[in-house]
Amino acid sequence: MVFIGPCIAKKAEAEEEEVRGDVDVVLTFEELREWFQEAHLDLATLPEAPFSRRRIRWARAFPVEGGLLQSASFEVHLLSRDVVTITGIDRCKEFLESFSPERYKFRIIEMMSCEGGCIDGPMLSSSLSPYERRERVLLYTEESLEPEESLVCVDPPSFRRAFVPAPVPSPEVPEEELRKILALTGKFTPQDELNCGACGYNTCREKARAVYQGMAEAEMCIPFMRMRAESFSSFLMTVTPNGIVLVDEDLRIVEMNPALRRMLGLAGKLVIGKRIDEFLDPSPFVEVLRTKKATTCEVTYPQYHNLFVRLSVFFLEKSRLLMGIFVDLTKEKEQEAMMATIREKTIEKAQQVITNQMRVAQEIASLLGETTAETKVLLNKLMRILRGETLEE
């Protein structure tokens, strides 16, 4: 006996003592789909075969709201007073909290956790809307109906179940502890409590209670985490020594950090909204916008006191922005130029020494012999080293 459906609660129910063994396996549609893939079964290529059409009539409509009542042959209409259908966990809770047998004389109460019934179960992946799913189930049920037959009364087995309360311990949270937990996510006053529900709890205080009870994490606050991320990125933009500019797809400046403003001498000037080509060569940005691939190059800007930078440009897919990062290499470039000048002067001095040495050598060649030649070789080697050339053995 196998149950296949979109419900994960059935897995736990099949293990309960009263019904254990009645159903051997509980599968979700997702698990069934994975099984087909592992077995290399493509349903579209398999021949169709008739499904069992035993006398079950409206039981096939069980997955939709009100299907249970219809399959039990109850008179179901919108104004029924002796039957009620409730779907959705919150509505079910609300009904049970206010229910009183003395007040309400229902013959049957149909309650389903999923909105609209099983057709909107958690493990049902479908592109159809709940209303389209309902229409398909009802159409299939109607097409499967057999001609009306006389009912035969039998002694049915007992379907009675006893449910034992299993409450989740929820100790009362001291107000002081509640305030400490709220403060962890920047909520110091009632005005700070947005109660947006993004964390899954109805209110900020409800989530704080869950944190105290160990059922949630304090960081489960999307507005707070977003604010912290934005403030952190803003902090980095401000303190980094590298220049950063954000440009939109129209090459208009969205943001420029203080470091780049100082590099370009634009501190205090209005640049937001202006095109990047008013200040910089836009070629690297245009290329990245075209290819969507990052690029790195070295650029000199004569108009900004020969500013020499290593420029890296990235395309930010989610925000559809271009980010340019400028690493100032001007001082390194100046040091390289100074070292090149020193090398040239050293080479020049060495050449002068060689020339003077040869002149002297010519005058006293008979006295120095091979010593002059060795000196020339050593000085030539020194010059080649200064030029950065490789010496051969």
S.K.: Name the one of L246, V254, L316, L251 that satisfies side chain to side chain contact (heavy atoms under 4.5 Å, CB included) with L322?
M.R.: L251

S.K.: As a quick check of understanding, evaluate side-chain contact (heavy atoms from CB on, under 4.5 Å) for C204 and K207, giving each step before the final call.
M.R.: CA-CA 5 Å; C204 296; K207 194 212 75 169; 5.8 Å; no

S.K.: Can you check side-chain contact (heavy atoms from CB on, under 4.5 Å) on T87 and R91, steps first, answer last?
M.R.: CA-CA 7 Å; T87 62; R91 288 184 176 274; 5.6 Å; no

S.K.: Within a radius of less than 6.0 Å around CD of E172, do more than 12 heavy atoms belonging to other residues, nucleotides or ligands occur?
M.R.: no

S.K.: Could you tell me whether the side chain of D120 and the main chain of P130 form a donor-acceptor pair under 3.5 Å?
M.R.: no

S.K.: How many angstroms lie between atom CD1 of I325 and atom OG of S312, to the nearest 0.5 angstrom?
M.R.: 6.0 Å

S.K.: Where the side chain of E132 meets the backbone of S129, is there a donor-acceptor pair that is under 3.5 Å apart?
M.R.: yes

S.K.: Mark yes or no for whether Y304, through its side chain, and F279, through its backbone, hold a donor-acceptor pair below 3.5 Å.
M.R.: yes

S.K.: Give, for atom SG of C7 and atom CZ of F29, the distance between the pair rounded to the nearest 0.5 Å.
M.R.: 10.5 Å

S.K.: Is the closest basic N to carboxylate O distance between R290 and E287 below 4.0 Å?
M.R.: yes

S.K.: Which label fits F99 and F106: parallel for a plane angle under 30°, tilted from 30 to 60°, or perpendicular past 60°?
M.R.: parallel

S.K.: Just checking Y131: does its OH atom have more than 12 heavy atoms from other residues, nucleotides or ligands closer to it than 6.0 angstrom?
M.R.: no

